[in-house]
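Here's the structure, in structure tokens; my notes come after.
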Amino acid sequence: MLLRSPGLLLLLLSGLRAATQEKEVRAMVGSTVELKCIYPEENSFDLNDLYVYWQISGSNTVVTYYLPKNSSAGHENNHYKNRAHLSLDSMKQGDFSLSLQNVTPQDAQKFNCLVFRESLQLGKILEMEVSLHVAANYSLPVISTPSSESRDPELTFTCRSTNGYPRPNVYWINETDNSPLDKALQNDTVSLNSQGLYDVVSILRIPWTPNMNVGCCVENVLLHQNLTGRSQTERSSGTEGRITETPDSLQKEDNVVIFITLALLLVSVIVAVVIYMGKSKCPHRNYTGWPGEPLICDPISHPEQEQAGAQAATVVCELTGRG
């Protein structure tokens, strides 16, 4: 039967106009999503009486289909081959939903579900349009900060975020007061990578400001998600970016240096005096004796002191001789 040819039937379907139910579905890249297409009334169907088609709206791109008493293999678009599936058991109960596996960014399309009954002379019993919105999380923005040694009159920040979908919105904020920075100060480059996802690079140029702290925000509108990367440059204020100090702080540092110097000199004098006094208690005397013999201080009574009535002995240093 010619009407069983998918190509011919699709040409006939393109001329049909009827009220279409519309739905919206969101799915993450890499996930499995179900596009609903359910007959509104409880009913049971004979699979041999059904023609079921899923195709991309506005085109003849076939996602998958079911024909009675005929194999449905080999006619779907290669992009959906082995990813799009219908459940025969569910169709018997009036559920013609499409299961789409491993969702890709290219699947962000409008899908048409069309169901006909052969017993009604291919009368259409159901049409459903499902808009599939695909999303992927962006990576946390990473900000490259200006070098602290830079002498440029402006600061340049670079913000990078990758592998997101759909196309992002990027804006910069001043972290000091959370105020948005002028969009004219930034230059955004958004590109599709090999996975069909977006990478974004945003460059912000602002006049030099000491200790500037900024944030880079990457917004995924579909996911209602804002990711913010933060960074801070630490460039000292003053002439040519060098640190400048007040006279009071310099005076305090000078006073500390002088105090430490005087303290060291005083300690040196005290040590020298102690050493000198220690040596003077045992005056040097010439003596003869065995090398290495110790110098002993013995108490000895002098006759002159005894005659004078002295009671104390004087300690003198003498060399103890050998027997």
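Worth saying up front: this structure is predicted, and the values here are computed from it rather than measured. For the numbers below, each heavy atom of this structure counts, side chains included, while hydrogens, waters and symmetry mates do not.
- For D46, the salt bridge (Lys or Arg N to Asp or Glu O under 4.0 Å) criterion is met by no residue, not counting sequence neighbours.
- The local environment of CD in E42 is sparse, with at most 12 non-hydrogen atoms from other residues, nucleotides or ligands closer than 6.0 Å.
- Every side chain to side chain contact (heavy atoms under 4.5 Å, CB included) that E41 has, sequence neighbours left out, goes to Y39.
- The two residues Q101 and H85 come nearest to each other via the heavy atoms OE1-NE2, 3.7 Å.
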Q | V103 and V29: CA distance, side-chain angles, deciding distance, side-chain contact (heavy atoms from CB on, under 4.5 Å) verdict | A | CA-CA 5 Å; V103 172; V29 170; 5.5 Å; no
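- The side chain to side chain contact (heavy atoms under 4.5 Å, CB included) test applied to T162 returns S139, D199, not counting sequence neighbours.
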Margin query: Assess the residue pair N77 and V63 against the criterion (side-chain contact (heavy atoms from CB on, under 4.5 Å)); give the C-alpha distance rounded to whole Å, side-chain angles, the decisive distance to 0.1 Å, and a yes or no.
Written below: CA-CA 6 Å; N77 186 276; V63 178; over 6 Å; no
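- For the pair V115 and L50, the minimum side-chain heavy-atom distance is below 4.5 Å.
- Sorted by first and then second residue, the pairs that involve residues 164-175 and meet salt bridge (Lys or Arg N to Asp or Glu O under 4.0 Å), not counting sequence neighbours, are E175-R230.
- Under the 3.5 Å distance criterion, the side-chain polar atoms of N187 are left unmatched by any main-chain donor or acceptor of I203.
- Residue A135 comes nearest to L222 through the heavy atom pair CB-CD2, 3.6 Å, listed as atom of the first residue, atom of the second, then distance.
- Remark: Q186 engages D188 in a side-chain hydrogen bond (donor to acceptor under 3.5 Å, both in side chains) (not counting sequence neighbours).
- Residues C159 and P141 come closest through the heavy atom pair SG-CB, 3.6 Å.
- Counting all heavy atoms, side chain and backbone alike, L98 lies closest to W54 at CB-CE2, 3.5 Å.
- Hydrophobic side-chain contacts under 4.5 Å tie Y171 into a cluster, directly or through other members, with I173.
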Report the C-alpha distance between F45 and F96 in whole Å, list the side-chain angles of each, state the deciding distance to 0.1 Å, and finish with yes or no for ring pair (Phe, Tyr, Trp, His ring centres under 6.0 Å).
CA-CA 11 Å; F45 294 89; F96 308 100; 5.8 Å; yes
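- Listed by first then second residue, pairs satisfying salt bridge (Lys or Arg N to Asp or Glu O under 4.0 Å) with a partner in residues 25-37 read E34-K36, not counting sequence neighbours.
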message: Between D89 and S87, does the side-chain hydrogen bond (donor to acceptor under 3.5 Å, both in side chains) criterion hold? Intermediate values first, please.
response: CA-CA 5 Å; D89 291 336; S87 169; 5.3 Å; no
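- Applying the ring-ring contact (aromatic ring centres under 6.0 Å, His included) test to Y198 and every residue at least two apart in sequence or in another chain returns Y165.
- Scanning for ring-ring contact (aromatic ring centres under 6.0 Å, His included) contacts around Y138 gives an empty result, with sequence neighbours left out.
- Side-chain contact of N137 with N220: a donor-acceptor pair under 3.5 Å is absent, judged by distance alone.
- Applying the side chain to side chain contact (heavy atoms under 4.5 Å, CB included) test to N82 and every residue at least two apart in sequence or in another chain returns nothing.
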Set out, in order, the CA-CA distance, both residues' side-chain angles and the distance that settles side-chain contact (heavy atoms from CB on, under 4.5 Å) for Q55 and N112, then state yes or no. CA-CA 5 Å; Q55 62 189 65; N112 263 6; 4.2 Å; yes
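- Considering only residues two or more places apart in sequence or on other chains, V221 meets the side chain to side chain contact (heavy atoms under 4.5 Å, CB included) condition with N169, E219.
- Side chains of S57 and E129: a donor on one and an acceptor on the other come within 3.5 Å.
- Between W172 and F157, the ring planes are tilted. Angles from 30° to 60° get that label.
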### Message
Working note: L132 + Q109, criterion side-chain contact (heavy atoms from CB on, under 4.5 Å); need CA distance, chi angles, decisive distance, verdict.
### Response
CA-CA 6 Å; L132 177 59; Q109 303 278 355; 5.9 Å; no
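- For N174, the side-chain hydrogen bond (donor to acceptor under 3.5 Å, both in side chains) partners are T176, not counting sequence neighbours.
- A distance-only check finds no donor-acceptor pair linking the side chain of R205 to the backbone of L185 [under 3.5 Å].
- Although no hydrogens or angles enter the test, the distance criterion places no donor-acceptor pair under 3.5 Å between the side chain of S131 and the main chain of E24.
- Under a hydrophobic clustering in which Ile, Leu, Val, Met, Phe, Trp and Tyr are joined whenever their side-chain heavy atoms come within less than 4.5 Å, directly or via other members, I56 and Y66 fall into the same cluster.
- Atom NZ of K110 has 12 or fewer heavy atoms from other residues, nucleotides or ligands within 6.0 Å.
- Annotation: side chain of T189 is not in contact with side chain of V200 (no heavy-atom distance under 4.5 Å).
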